[in-house]
Amino acid sequence: MRNELSVSSVTGGPLVPQHRELVTAIPGPQSQALMRRKEAAVAAGVGHVVPISIVAAGGGILIDADGNSLIDLGSGIAVTGVGNSAPAVVEAITRQVQLFTHTCFTVTPYDGYVAVAEKLNSITPGDHEKRTALFNTGSEAVENAIKIARSFTKKHAVVVFDHAFHGRTNLTLGMTARNTPYKNGFGPFTPEIYRVPTSYPYRDGLSGAEAAENALLQIERQVGASNLAAIVIEPIQGEGGFIEPAPGFLPALAEWATANGVVFILDEVQTGFARTGDLFAANHERVVPDLIATGKGIAGGLPLAAVTGRAEIMDSPQSGALGGTYAGNPISCAAALATIETYENNNLVGRAREIAAIIDEVFTELGASDDRIGDIRGRGAMKAVEVVHPDSTDPNPALTASVAKFAADHGVVVLTCGTYGNVIRFLPPLAISDELLREGLRVVADGFRTNAPTSATKESQS
Ligand code: PMP
């Protein structure tokens with residue numbers, strides 16, 4: 001009941017009616033017109049998932065220019081946890097925008113930046129003394145975390161994992177695992193990045209301790225602690241397929257890093273801010289990183305990202321070494337303070353757990369009768385199903401794409417991911433109602449039923 005109330009206060013009531021309704025085919029004529037202009041004006045490398053023209057959004061609904069209302073199961077890739085244009089965020093932004101829009105914090109500082117730093121220092125894992133530096137994007141945060149770790153350790157090497165995604169700048173692209181579409185043609189990447197096996201319970205069948213032993217063996221053989229500045233890992237790998245490591249994997253890596261003078265960096269850009277049913281995913285196993293990179297859900301849709309961590313590490317680069325023209329923009333900071341308050345005051349951590357239970361219920365039921373659902377995993381409102389061919393664990397990207405297309409055609413925006421392109425991921429706004437969530441999931445489940453294998457394809461696969 002408490003969450004029912006909090007959800008409606010987050011969504012802002014009647015501004016965006018909370019129901020799915022299609023009045024044209026998807027995409028409708030207005031959306032098609034925008035797509036034609038887009039193709040003529042925007043670089044082809046900037047793709048899109050669903051070719052519609054958004055004019056308003058709130059709660060769990062996106063409204064397009066043709067008057068269609070679609071259910072949002074993606075939150076603009078895990079950003080609008082509090083919902084689009086959440087009332088508290090709009091109010092905070094409006095107040096700030098009337099005062100001043102920019103000074104550049106490294107020219108003349110202001111309160112909002114410091115207040116965000118204080119807040120992040122208090123809510124991120126660990127009760128040690130911390131410092132924060134603000135940036136614009138997740139990639140920039142991860143890249144700066146590495147600069148800081150190198151400055152502190154006076155070492156160069158960085159270890160990342162199979163299936164990792166850390167961003168699209170040159171350094172973070174080098175850390176990202178997947179070639180197409182992210183890396184292809186963009187090399188050379190920076191040296192001193194080493195990739196080791198992750199923990200992928202569905203595919204490696206290893207316990208957390210076994211997977212950690214594998215990874216650490218590779219690190220010791222290929223890099224050596226004396227050369228290693230940092231280990232960087234997503235506590236649940238996002239773009240790589242919502243891969244949740246086996247229990248014990250992350251704590252074992254963190255423990256080894258601490259014992260070996262290596263900075264342990266958690267990339268919580270996608271998992272952070274209530275998304276996984278805790279304020280940060282590290283909390284599930286009580287892992288305390290030396291540095292944590294955050295972004296996405298931090299500011300209700302405004303661009304902001306952060307690195308927070310141990311004071312002695314964060315204070316290592318000299319004054320002037322960290323920053324950026326827009327880093328910690330005052331409007332983004334005002335939005336972040338209101339957003340974080342909204343997560344806290346509306347128990348959106350609890351809401352993420354409720355969302356997890358609903359997703360589990362729908363897909364466990366479907367999976368019982370459909371063996372193309374190979375795995376259901378993730379935590380909180382960061383859940384996914386891995387789609388495989390019948391009677392096997394072979395990835396099935398074609399079915400994954402068909403189900404996502406079916407959903408979009410029926411007014412549900414759902415994202416896919418995974419190194420093999422075979423994972424349907426659910427990242428609904430935490431402000432979505434139970435009814436909308438269930439309806440959206442039902443449409444996705446219908447996508448599986450509509451694409452049911454014929455007996456011929458079943459035979460050919462087995
Ligand atoms: N790290 C992770 C774990 C991410 O999921 C992303 C974005 N998908 C990034 C870094 C990069 O963030 P941004 O797109 O804001 O640069």
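All values derive from a computational prediction rather than experimental measurement. In listed order, ligands and their atoms are each counted from 1.
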Are R377 and E386 within salt-bridge range, i.e. N to O under 4.0 Å? yes
Identity and distance of the protein heavy atom lying nearest atom 12 (O) of ligand 1: G138 CA, 3.4 Å
Take the angle between the ring planes of F165 and Y182 and call it parallel below 30°, perpendicular above 60°, tilted in between. perpendicular
Quick check on contacts: which atoms of ligand 1 are under 4.0 angstrom from a heavy atom of E239? 8 (N)
Does CG in N184 sit with more than 12 non-hydrogen atoms of other residues, nucleotides or ligands closer than 6.0 Å? yes
E312, CD atom: more than 12 neighbouring heavy atoms under 6.0 Å: yes
Do the charged groups of R379 and E244 touch, with an N to O distance under 4.0 Å? yes
For atom 10 (C) of ligand 1, the closest protein heavy atom turns out to be H166 O, 3.4 Å
Mode of E234 contact toward ligand 1 - side chain, backbone, both, neither (heavy atoms, under 4.0 Å): side chain
Nearest-contact summary for atom 5 (O) of ligand 1 - protein heavy atom, Å: Q270 NE2, 2.8 Å
Going by the side-chain contact (heavy atoms from CB on, under 4.5 Å) test, name the single residue among V79, L120, T339 that passes it with I298. L120
Tell me, which protein residue and heavy-atom name are nearest atom 1 (N) of ligand 1, and how many Å apart are they? D267 OD2, 2.7 Å
Considering the heavy atoms of T137, write down every atom of ligand 1 situated less than 4.0 Å from one of them. 15 (O), 16 (O)
Heavy-atom nearest neighbour in the protein, as seen from atom 14 (O) of ligand 1, with distance rounded to 0.1 Å: S139 OG, 4.4 Å
Do the ring planes of Y113 and Y110 sit parallel (below 30°), tilted (30 to 60°) or perpendicular (above 60°)? perpendicular
Do the ring planes of Y343 and F273 sit parallel (below 30°), tilted (30 to 60°) or perpendicular (above 60°)? parallel
Nearest neighbour in protein (non-hydrogen) for atom 4 (C) of ligand 1: F165 CD2, 3.8 Å
Tell me the contacting part of V269 for ligand 1: side chain, backbone, both, or neither, using a 4.0 Å heavy-atom threshold, strictly below. side chain
On a heavy-atom basis, I'd like to know which of K296, E268, R168 is closest to atom 8 (N) of ligand 1. K296
For ligand 1 and E140, I'd like to know whether there is a polar contact (N/O to N/O, distance under 3.5 Å). no
